[in-house]
Amino acid sequence: MNYFLAGGVAIGVSCLLLWLLRPLALRIGLVDQPGERKQHCGNVALIGGIAMFCGLIFSVLMLDASLAGYRSYFAAATLLIIVGILDDFHELPTWSRFTAQFVAALIMTVGGGVVVTDLGAITGGGIIELGPWAIPFTIFATIGVINAWNMSDGLDGLAGGLALAAFLLLGIVAMAAGRNTEGQLLFLLAAVVGTFLLFNMRFPSRKQALVFMGDAGSMFLGFTLAWFAITLSQGESRAMTPVTALWILAVPVIDAVSILVRRLYAKRPPFTAATDHMHHILSALGCGVNTTVGIIAGTAIALGVLGLFGLYSGLSEQLLFSGFLGLFVAYLWATARVARAGNAVAPERKIEYPNKNKPATLDTRI
């Protein structure tokens with residue numbers, strides 16, 4: 001019964017804050033302004049991250065579960081929310097955002113004990129233990145997931161839709177393994193993200209989002225997904241294998257890594273804002289915002305379900321990992337071909353790649 005109450009609080013608090021904070025944000029300048037790489041008209045309030053985080057905080061108080069093990073999570077998430085709000089007010093230097101992400105990951109690993117200790121049996125032999133590299137690898141992976149979600153926040157409903165799909169899939173994994181507290185938290189997170197999407201997605205009667213999640217929201221969601229992907233895939237009583245987590249987070253992770261590979265291969269700054277993401281390529285090919293979001297979110301759900309099928313049907317981790325690598329290579333090849341075709345068919349929508357002469361800045365809301 002308390003769980004349903006918690007769900008109602010999550011939805012109610014998130015909805016109330018999104019409604020009440022929007023005019024305040026417009027008044028104090030906590031907004032995203034139109035620009036050459038942005039499709040919205042007028043200033044849009046950057047309060048989604050605040051509302052989702054507060055909705056989660058108030059809702060977990062309704063649960064009959066001990067949350068002592070999540071102190072480090074809430075401490076690290078609070079840090080990212082604060083730094084994200086400051087960045088949304090006035091863009092911070094790249095190093096300051098990475099520093100905050102590093103500290104959050106350090107709190108998670110050292111303070112919370114959430115560490116990737118092994119990669120599973122992805123080579124077909126025994127489990128690959130990381131040993132002394134466990135904490136550095138975890139910090140690197142966590143920062144990677146945070147920035148993958150930051151990079152995906154480029155169209156109305158996209159980052160939130162990807163996060164909603166991932167939370168629901170991880171929640172199913174947790175519940176199936178009897179890890180009810182984690183499952184309840186994941187479904188509460190799905191509730192606050194779903195509420196946010198009601199204000200962030202485009203509808204026939206509304207041509208653009210009422211609010212954005214901002215860097216506060218994308219960092220919060222990315223960190224949260226990294227936390228639960230690790231906790232559910234590690235330890236003797238793991239609920240899933242590490243490679244399953246890759247399939248659940250596949251779309252934003254593959255897109256972000258492929259962008260870094262392409263830019264480094266072309267000797268371009270890897271974190272310079274440009275228009276070579278998956279959603280930019282689809283837009284350049286003529287897909288509308290909702291169509292693009294539907295294609296990407298649908299693909300994410302399909303890949304996540306495929307990962308769960310592999311987990312529960314007993315497919316080998318080596319096979320699943322090989323399939324994931326094959327998917328990455330295929331995506332890298334396909335996007336290069338599609339980008340060239342899109343530039344040739346619709347030069348007015350040309351996909352722009354970062355200029356090596358421009359200073360590198362973290363890729364946010366592009």
How many angstroms lie between atom CG of Leu311 and atom CE of Met240, to the nearest 0.5 angstrom? 8.5 Å
Joint cluster assignment, Leu320 & Ile127, ILVMFWY side-chain distance < 4.5 Å: no
I want to check something: taking the side chain as every heavy atom from C-beta on, are Thr299 and Met278 in contact at a cut-off of under 4.5 Å? no
Qualifying ring-ring contact (aromatic ring centres under 6.0 Å, His included) pairs with a residue from residues 103-134, counting only residues at least two apart or across chains: none
Can you check whether Leu327 reaches Leu303 side chain to side chain, under 4.5 Å on heavy atoms? yes
Close side-chain approach of Leu63 to Leu188, heavy-atom, < 4.5 Å: yes
Stepwise side chain to side chain contact (heavy atoms under 4.5 Å, CB included) check, Thr335 with Arg262: CA-CA 10 Å; Thr335 49; Arg262 284 199 303 266; 3.0 Å; yes
Derivation and outcome, side chain to side chain contact (heavy atoms under 4.5 Å, CB included), residues Tyr331 and Val251: CA-CA 10 Å; Tyr331 175 77; Val251 167; over 6 Å; no
Heavy-atom pair with the smallest gap, counting every atom of Trp247 and Gly307: CB-CA, 3.7 Å
Please say whether more than 12 non-hydrogen atoms of neighbouring residues, nucleotides or ligands are located less than 6.0 Å from CZ in Phe89. yes
Can you list, by chain and residue number, the hydrophobic cluster partners of Leu26 when the side-chain cut-off is 4.5 Å? Val31
Distance in Å, Leu16 CG paired with Ser14 OG, rounded so as to fall on 0.5 Å steps: 9.5 Å
Going from CG on Asp215 to CG on Asp87, what distance comes out if it is rounded to the nearest 0.5 angstrom? 4.5 Å
Gap between atom CG of Leu30 and atom CG of Leu21 - 0.5 Å precision: 9.0 Å
When Thr231, Thr78, Thr224 are each screened for side-chain hydrogen bond (donor to acceptor under 3.5 Å, both in side chains) with Tyr73, the one that passes is Thr224
With rounding to the nearest 0.5 angstrom, report the CG to CH2 distance, Leu232 to Trp227. 11.5 Å
Can you give me the closest heavy-atom contact between Ala190 and Leu168, atom names plus distance? CB-CD2, 3.7 Å
Using a side-chain heavy atom cutoff under 4.5 Å and only I, L, V, M, F, W and Y, what cluster partners does Ile11 have? none
Any donor-acceptor pair under 3.5 Å linking the side chain of Arg97 with the backbone of Glu91? no
Atom of Leu17, atom of Ala51 and distance for their closest heavy-atom approach: CB-CB, 4.0 Å
Is it true that a side-chain atom of Asn200 and a backbone atom of Ala209 form a donor plus acceptor pair closer than 3.5 Å? no
Does atom CZ (Phe309) have a neighbourhood of more than 12 heavy atoms from anything else shown, all under 6.0 Å? no
Any link between Phe140 and Ile230 through a network of hydrophobic side chains (Ile, Leu, Val, Met, Phe, Trp, Tyr) touching at under 4.5 Å? no
Among Ile135, Ile139, Leu130, whose side-chain contact (heavy atoms from CB on, under 4.5 Å) with Val116 holds? Leu130
Salt bridge (Lys or Arg N to Asp or Glu O under 4.0 Å) partners for Arg22, two or more places apart: none
Considering only heavy atoms from C-beta outward, does the side chain of Ile254 approach that of Val257 to under 4.5 Å? no
Is there a side-chain contact between Leu308 and Ile248 in this structure, where contact means two heavy atoms from C-beta onward sitting under 4.5 Å apart? yes
Could I get the full list of ring-ring contact (aromatic ring centres under 6.0 Å, His included) partners for Phe228, not counting sequence neighbours? none
Are any of the side-chain heavy atoms of Thr123 and Ile128 separated by less than 4.5 Å? yes
Under the criterion salt bridge (Lys or Arg N to Asp or Glu O under 4.0 Å), I'd like the reasoning laid out for Asp156 against Arg206: C-alpha separation, chi angles, the key distance, then a yes or no. CA-CA 11 Å; Asp156 296 344; Arg206 191 178 71 209; over 6 Å; no
Under a 4.5 Å cut-off applied to non-hydrogen side-chain atoms, are Met108 and Thr138 in contact? yes
Between CE on residue Met151 and CG on residue Leu158, distance to nearest 0.5 Å: 13.5 Å
Holding to side chain to side chain contact (heavy atoms under 4.5 Å, CB included), I want the full list of residues that pass it with Arg71, two or more places apart in sequence or in another chain. Ala68
Which atom pair, heavy atoms only, marks the closest approach of Arg179 to Ala239? NH1-N, 3.6 Å
Walk me through it: do Gln234 and Val115 pass the test side chain to side chain contact (heavy atoms under 4.5 Å, CB included)? CA-CA 8 Å; Gln234 299 297 307; Val115 180; over 6 Å; no
Any sub-3.5 Å donor-acceptor pair from Asn147's side-chain atoms to Ile143's backbone N or O? yes
Do side-chain atoms of Ser72 reach the backbone of Gly111 as a donor and acceptor pair under 3.5 angstrom? yes
Treating Ile, Leu, Val, Met, Phe, Trp and Tyr as nodes and any side-chain heavy-atom pair under 4.5 angstrom as an edge, say whether Phe102 and Trp95 lie in one connected cluster. no
Would you say Leu61 ends up clustered with Val9 if hydrophobic residues are merged whenever their side chains have heavy atoms under 4.5 Å apart, either directly or through other cluster members? yes
Between Phe328 and Val253, is the side chain to side chain contact (heavy atoms under 4.5 Å, CB included) condition met? List the steps. CA-CA 10 Å; Phe328 170 75; Val253 169; over 6 Å; no
Do the non-hydrogen side-chain atoms of Val13 and Ile57 ever get within less than 4.5 Å of each other? no
Closest non-hydrogen atoms of Leu80 and Met219, given as atom of the first, atom of the second and distance, are O-CE, 3.5 Å
